[in-house]
Amino acid sequence: MARVLITSAIPYINGIKHLGNLVGSQLPADLYARYMRQRGHEVMFLCATDEHGTPAELAAAKAGEPVAEYCARMHGVQKELSDGFRLSFDKFGRSSSPQNHKLTQHFAGRLAEAGLIEEVTEKQVYSNADGRFLPDRYIEGTCPNCGYDKARGDQCENCTKQLDPTDLIEPRSAISGSTDLEVRETKHLYLRQSQMRDTLNEWIDSKRDWPVLTTSIAKKWLNDGDGLQDRGITRDLDWGIPVKKGDEDWPGMEGKVFYVWFDAPIEYIACAKEWADEKGLGDEAWERWWRTERGADDVRYVQFMGKDNVPFHTLSFPATIMGSGEDWKLVDYIKSFNYLNYDGGQFSTSQGRGVFMDQALEILPADYWRWWLLSHAPESGDAEFTWENFQVSVNKDLADVLGNFVSRVTKFCRSKFGEEVPGGGDYGSAEMALIERLTPRIRAYEAHMEAIEVRKAATELRAIWVEGNEYLQAAAPWSVFKEDPDAAAAIIRLSLNLIRVYAVLSRPFIPDASAQMLAAMQTDDDSWPDDVHAALTALPPGHAFTVPDVLFRKITDEEREGWQEKFAGVRK
RNA sequence: GGGCCUGUAGCUCAAUUGGUUAGAGCAGAGCGCUCAUAACGCUUUGGUUGGGGGUUCGAGUCCCUCCGGGCCUACCA
């Protein structure tokens, strides 16, 4: 038994996430966490909301709420939705937690002591009307290169030219539209990541088994141009973690907070402390996951994220951890994902294009979404959601192949033998042949899950379901029953046992249906089919069961067309 | 501009990292079955692997070039 620490990229607080966000980190992380738990490993699965930064402040202002209240409320909303999708976090924390405040300040203090923090005075645009400094991309104006009048301060979206806010002609605040802007001097802390470039390079080079997507992004940032650049880790904002050097004030940094990308990954650690505190456990309970000298040395740490998050997880956060000089656990494997597109374009939070987590659950139960999203996870390239594809996959894979198998077996048994596992007959050559086909498939499924090859695992699982239908079709108990009821009984006994095995194998993908299947088989035996033959005799003759309700209903053409219409445009 | 990824059957994806005749699922066609959510099974049609050139005994895989799609480019997170 191993110990596995799993974190999912933490979703930003300013709204409900869409299915692209979900499949890019939390959902595959959950799949892996569930699988590892099922295989008997000790798992710590952590996620949280990422609550700081300008967009959070603006979203709160738009909602007419104080930012702390807004974040608390949205955390609740996101928590409820993650529960709805059956995301099995051990703790869903908050980057604004007191634990993270303390830990973030601690890291900053350690980095300062190690000489890895530099104070830099720089010029930034301040908006008098908004009463705040503006990040580059919150300044709009006319592009000096192409004349586009909605160019942002960091880049012109029209001609793609990189810009400095002061390049803009007639600059204005993107928040209020005010042109009452001025350039002010302000002091910030920079993390001297450049000093750690060689260390990071070596570390990345040692990760030969990481996805290309992960290492290529890291190498690009390490080696592009002048190499890894130092990074500002503070901001002039009200909402955030106050800049402190450990427990002490930081002269000259009064009123400033840490940059959200500095404190967000630290929340992975603080979240474990939130978990321990909530359970009334001491520090040793969470430190054994995070401090290598206090037990975390034998932990395997796996992170899940979308590709846009890779630089922070491969460089900035490791630099923070390594630079502290303390024995914090570094990530062992990073699984990164491409994007999920929506029907020919991108999912868009701002335009309300696509399906959002709350809407998805209003339409169909979590399992339908989990299955489609995971079996189409954007691993090798960007993937695309279309309603036609969703309808076909759900109807075919879940309703026809798996659901109908459960249905035909249980109903046939009820009508011929009653609602208990029938005795009589023995497993013969057909059953042994099935076991011989099933065994390598299950081993392959395990290997794919172990390697976090999500789509391949889904494909193999589906093939395992298909084996049941093929067997049943060939064995034809409905014909055999007429001549030899005992032989038919053996076929059905095996098939009922197969339902239990399917429930166990399918649980990481479709936990609710899996629970329904086990409940219908009236068993708590969720042991993994290491020995397939033994697993197919777990339910003995005479064991009572019930015929479950339809596991998966089909999506009709009318529904599909309605949803297609409903989600095409701007969100209600 | 630079970098990375990607282009394989009508659709969604594979292809043991250079090795026989490029495979699955869905859709299409045919047959079978009647236990079941009109479900299931079997058979079958379908590809100049985006175009062109090169390296090699051998290329979907490596190189060059052109065309198309996507992402990143450090102050959104």
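Order of the sequence lines fixes the chain letters, A, B, ..., with proteins taken first and strands second; residue numbering starts at 1 for each chain.
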A.B. asks: Touch check for Ile492(A), heavy atoms < 4.0 angstrom, all strands: base, sugar-phosphate only, or nothing?
C.D. replies: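 Touches nothing.
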A.B. asks: Checking all strands, does Phe312(A) fall into the base, sugar-phosphate, or nothing category for heavy-atom contacts under 4.0 angstrom?
C.D. replies: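 Base: the residue Phe312(A), judged by heavy atoms under 4.0 Å, touches a nucleobase.
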A.B. asks: Using a 4.0 Å cut-off on heavy atoms, which residues in residues 389-399 of chain A reach RNA chain B? List them by number, or say none.
C.D. replies: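 Nucleic-acid contacts, sorted: Asn389(A), Val392(A), Lys396(A), Ala399(A).
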A.B. asks: Roughly how many Å apart are rU17(B) and rG10(B), using the C1' atom of each and rounding to a whole number?
C.D. replies: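 My reading of the C1' atoms in rG10(B) and rU17(B) gives 30 Å.
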A.B. asks: Do Trp372(A) and Asp397(A) pair up side chain to side chain, a donor and an acceptor below 3.5 Å, judged on atom types alone?
C.D. replies: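 Checked: Trp372(A)/Asp397(A) side chains show no N/O donor-acceptor pair below 3.5 Å.
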A.B. asks: What is the separation between atom CG on Leu189(A) and atom P on rC75(B), rounded to the nearest whole Å?
C.D. replies: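 Taking CG of Leu189(A) and P of rC75(B), I get 15 Å after rounding.
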A.B. asks: For Glu483(A), look at atom CD and say whether over 12 heavy atoms of other residues, nucleotides or ligands are found less than 6.0 Å away.
C.D. replies: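 At most 12 heavy atoms, drawn from other residues, nucleotides or ligands, come within 6.0 Å of this atom.
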A.B. asks: Once hydrogens and angles are ignored, does a donor-acceptor distance under 3.5 Å link the base of rA74(B) to the side chain of Trp221(A)?
C.D. replies: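 Checked by distance alone, the answer is no.
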A.B. asks: If only atom types and distance count, is the side chain of Asp367(A) paired as donor or acceptor with the main-chain N or O of Ala513(A) below 3.5 Å?
C.D. replies: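 Yes; at least one donor-acceptor contact below 3.5 Å.
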A.B. asks: Tell me whether rU56(B) sits syn or anti, counting syn as a glycosidic angle within 90° of 0.
C.D. replies: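 Anti, which is what one calls it when the glycosidic angle falls more than 90° from 0.
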A.B. asks: Counting any heavy atom closer than 4.0 Å, what does Ala383(A) reach on the DNA or RNA strands: base, sugar-phosphate only, or nothing?
C.D. replies: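 Contact class for Ala383(A): sugar-phosphate only.
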A.B. asks: For a quick check of understanding: with a heavy-atom distance under 4.0 Å over all strands, which category does Pro477(A) fall into, base, sugar-phosphate or nothing?
C.D. replies: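 No contact.
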A.B. asks: Lys554(A) side chain N/O closer than 4.0 Å to the phosphate oxygens (OP1, OP2) of rA39(B)?
C.D. replies: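 For Lys554(A), the contact criterion (side-chain N or O under 4.0 Å from OP1 or OP2 of rA39(B)) is met.
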A.B. asks: Using the closest heavy atom to pick a nucleotide of RNA chain B for each, name whichever of Asn338(A) or Gly53(A) lands nearer the 5' end.
C.D. replies: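 The 5'-side residue here is Asn338(A).
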A.B. asks: Considering only heavy atoms from C-beta outward, does the side chain of Leu22(A) approach that of Trp369(A) to under 4.5 Å?
C.D. replies: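 No, side chains not in contact.
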A.B. asks: Using the P atoms only, state how far rA15(B) lies from rA9(B), rounded to an integer number of Å.
C.D. replies: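 Their P atoms lie roughly 15 Å apart.
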A.B. asks: Run the numbers on Phe133(A) and His188(A) for ring-ring contact (aromatic ring centres under 6.0 Å, His included), then give the verdict.
C.D. replies: CA-CA 13 Å; Phe133(A) 282 93; His188(A) 283 296; 7.4 Å; no
A.B. asks: For rA15(B), does OP1 or OP2 lie under 4.0 Å from any side-chain N or O of Lys456(A)?
C.D. replies: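 The answer is yes; a side-chain N or O of Lys456(A) sits under 4.0 Å from OP1 or OP2.
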A.B. asks: Expressed as a whole number of Å, how far does the P atom of rG41(B) sit from that of rU34(B)?
C.D. replies: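 These two P atoms come out 16 Å apart once rounded.
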A.B. asks: Counting any heavy atom closer than 4.0 Å, what does Lys307(A) reach on the DNA or RNA strands: base, sugar-phosphate only, or nothing?
C.D. replies: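 The residue Lys307(A) makes sugar-phosphate contact but no base contact.
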A.B. asks: Round to a whole Å and report the spacing from CG of Asp308(A) to C1' of rA74(B).
C.D. replies: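 After rounding, the gap between these two atoms is 14 Å.
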A.B. asks: In whole angstrom, give the distance that lies between atom CG of Asp400(A) and atom P of rC35(B).
C.D. replies: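 That distance rounds to 18 Å.
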A.B. asks: Does anything in residues 469-481 of chain A pair up under side-chain hydrogen bond (donor to acceptor under 3.5 Å, both in side chains), and if so which pairs, sequence neighbours excluded?
C.D. replies: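 The answer is Arg408(A)-Asn469(A), Arg408(A)-Gln473(A), Glu431(A)-Tyr471(A).
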A.B. asks: What is the ring orientation for Trp387(A) with Phe390(A), classed by angle as parallel under 30°, tilted 30 to 60°, or perpendicular over 60°?
C.D. replies: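 Because their plane-to-plane angle is over 60°, the rings of Trp387(A) and Phe390(A) count as perpendicular.
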A.B. asks: Can you give me the closest heavy-atom contact between Met517(A) and Leu551(A), atom names plus distance?
C.D. replies: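 Shortest heavy-atom contact: CG-CD1, 3.7 Å.
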A.B. asks: Can you identify which nucleotide, out of rA14(B), rC75(B), rG2(B), has its nearest atom closest to the Arg455(A) side chain?
C.D. replies: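 Nearest to the side-chain atoms of Arg455(A), counting from C-beta on, is rA14(B).
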A.B. asks: Whether Tyr259(A) contacts rA77(B) is assessed here as follows: a side-chain N or O lying under 4.0 Å from the phosphate OP1 or OP2. Is that the case?
C.D. replies: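 Affirmative; the distance criterion is met.
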A.B. asks: In dot-bracket, 5' to 3', how would RNA chain B read with Watson-Crick or G-U wobble pairs under 3.5 Å, [ ] for crossing ones and | for pairs to another strand?
C.D. replies: (((((((..((((.....[...)))).(((((.......))))).....(((((..]....))))))))))))....
A.B. asks: What's the gap between rU61(B) and rU8(B) when it is taken at their P atoms, as a whole Å value?
C.D. replies: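 About 14 Å, rounded to a whole number of Å.
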A.B. asks: Would you mind telling me which of rC35(B), rU12(B), rC76(B) lies closest to the side-chain atoms of His376(A)?
C.D. replies: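 Out of rC35(B), rU12(B), rC76(B), the nucleotide with an atom closest to His376(A)'s side chain is rU12(B).
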A.B. asks: Can you pull every protein N or O that's under 3.5 Å from an N or O on nucleotides 31-33 of chain B?
C.D. replies:
from, atom 1, to, atom 2, distance (Å)
rG32(B), N2, Gln473(A), NE2, 3.1
rC33(B), O2', Trp478(A), NE1, 3.3

A.B. asks: Can you tell me how far C1' in rG18(B) sits from the matching atom in rA39(B), rounded to whole Å?
C.D. replies: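 My reading of the C1' atoms in rG18(B) and rA39(B) gives 45 Å.
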A.B. asks: What interatomic distance, in whole Å, is found between C1' of rG50(B) and the corresponding atom of rG60(B)?
C.D. replies: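 Here rG60(B) and rG50(B) have their C1' atoms 12 Å from each other.
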A.B. asks: Expressed in whole Å, how much space separates the P atoms belonging to rU20(B) and rC67(B)?
C.D. replies: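 Rounded to whole Å, the distance is 33 Å.
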A.B. asks: With a non-hydrogen cut-off below 4.0 angstrom, is Val260(A) in contact with a base, only sugar-phosphate, or nothing?
C.D. replies: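 Sugar-phosphate contact only.
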A.B. asks: Of the options Trp261(A), Tyr12(A), Trp239(A), which is the one that meets His52(A) in a ring pair (Phe, Tyr, Trp, His ring centres under 6.0 Å)?
C.D. replies: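 Result: among Trp261(A), Tyr12(A), Trp239(A), Trp239(A) is the only option passing the ring pair (Phe, Tyr, Trp, His ring centres under 6.0 Å) with His52(A).
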A.B. asks: Using whole Å, report how far CZ of Phe552(A) lies from P of rA39(B).
C.D. replies: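 Whole-Å distance recorded here is 17 Å.
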A.B. asks: Taking N and O atoms by type only, does the side chain of Glu470(A) place a donor or acceptor under 3.5 Å from a partner on the base of rC40(B)?
C.D. replies: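 It does not, because no donor-acceptor pair links the side chain of Glu470(A) to the base of rC40(B) below 3.5 Å.
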A.B. asks: What residue among Trp465(A), Tyr502(A), Phe412(A) forms ring pair (Phe, Tyr, Trp, His ring centres under 6.0 Å) with Phe405(A)?
C.D. replies: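 The ring pair (Phe, Tyr, Trp, His ring centres under 6.0 Å) with Phe405(A) is passed solely by Tyr502(A) among Trp465(A), Tyr502(A), Phe412(A).
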A.B. asks: Determine whether more than 12 heavy atoms belonging to other residues, nucleotides or ligands lie under 6.0 Å from atom CG of Asp549(A).
C.D. replies: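 No.
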A.B. asks: Taking side-chain contact (heavy atoms from CB on, under 4.5 Å) as the test, write out the residues that go with Leu168(A), two or more places apart.
C.D. replies: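 By the side-chain contact (heavy atoms from CB on, under 4.5 Å) rule, Leu168(A) matches Ile139(A), Ala151(A), Leu163(A), Pro171(A).
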A.B. asks: Look up atom CD1 in Ile334(A) and atom CD1 in Ile204(A), then write down how far apart they are to the nearest 0.5 Å.
C.D. replies: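 Atom-to-atom, Ile334(A):CD1 and Ile204(A):CD1 are 6.5 Å apart.
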A.B. asks: Supply the atom-to-atom distance Arg197(A) CZ to Leu222(A) CG, rounded to the nearest 0.5 angstrom.
C.D. replies: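 Answer for the CZ-CG pair, Arg197(A) versus Leu222(A), is 7.0 Å.
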A.B. asks: Expressed in angstrom and rounded to an integer, what is the separation of His313(A) atom NE2 from rC72(B) atom P?
C.D. replies: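 Value for this atom pair: 16 Å.
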A.B. asks: With sugar-phosphate meaning primed atoms plus P, OP1 and OP2, does Glu122(A) contact a base, only sugar-phosphate, or nothing at under 4.0 Å between heavy atoms?
C.D. replies: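 Result for Glu122(A) = base.
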A.B. asks: Looking at residues 401-412 of chain A, who's got a heavy atom less than 4.0 Å off RNA chain B?
C.D. replies: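 Contacts with RNA chain B under 4.0 Å: Gly403(A), Asn404(A), Ser407(A), Arg408(A), Lys411(A), Phe412(A).
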A.B. asks: Among the candidates rC35(B), rC75(B), rC40(B), find the nucleotide nearest to the side-chain atoms of Gln124(A).
C.D. replies: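 From the listed options, rC75(B) comes nearest.
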A.B. asks: Enter the distance from Trp371(A):CH2 to His376(A):NE2 here, rounded to the nearest 0.5 Å.
C.D. replies: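 Spacing of CH2 (Trp371(A)) from NE2 (His376(A)) equals 9.0 Å.
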A.B. asks: To the nearest angstrom, how far is Tyr339(A) atom OH from rC4(B) atom C1'?
C.D. replies: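 The answer, rounded to whole Å, is 13 Å.
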A.B. asks: Taking only N and O in the side chain of Arg462(A), is any of them less than 4.0 Å away from OP1 or OP2 of rA24(B)?
C.D. replies: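 No.
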A.B. asks: Within the structure shown, what part of the strands sits under 4.0 Å from Gly227(A) by heavy-atom distance: base, sugar-phosphate, or nothing?
C.D. replies: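 The answer is base, as Gly227(A) lies within the cut-off (heavy atoms under 4.0 Å) of a base atom.
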A.B. asks: Rounding to the closest angstrom, what is the interatomic distance between rG7(B) and rG28(B) at atom C1'?
C.D. replies: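 To the nearest whole Å, 25 Å.
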A.B. asks: Would you name the heavy atoms of Gly323(A) and Leu111(A) that are closest together and state the gap between them?
C.D. replies: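 Minimum heavy-atom separation between Gly323(A) and Leu111(A): C-CD2, 3.5 Å.
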A.B. asks: Which pair of heavy atoms, one from Asn395(A) and one from Lys554(A), lies closest together, and at what distance?
C.D. replies: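 That closest heavy-atom pairing would be OD1-CA, 3.3 Å.
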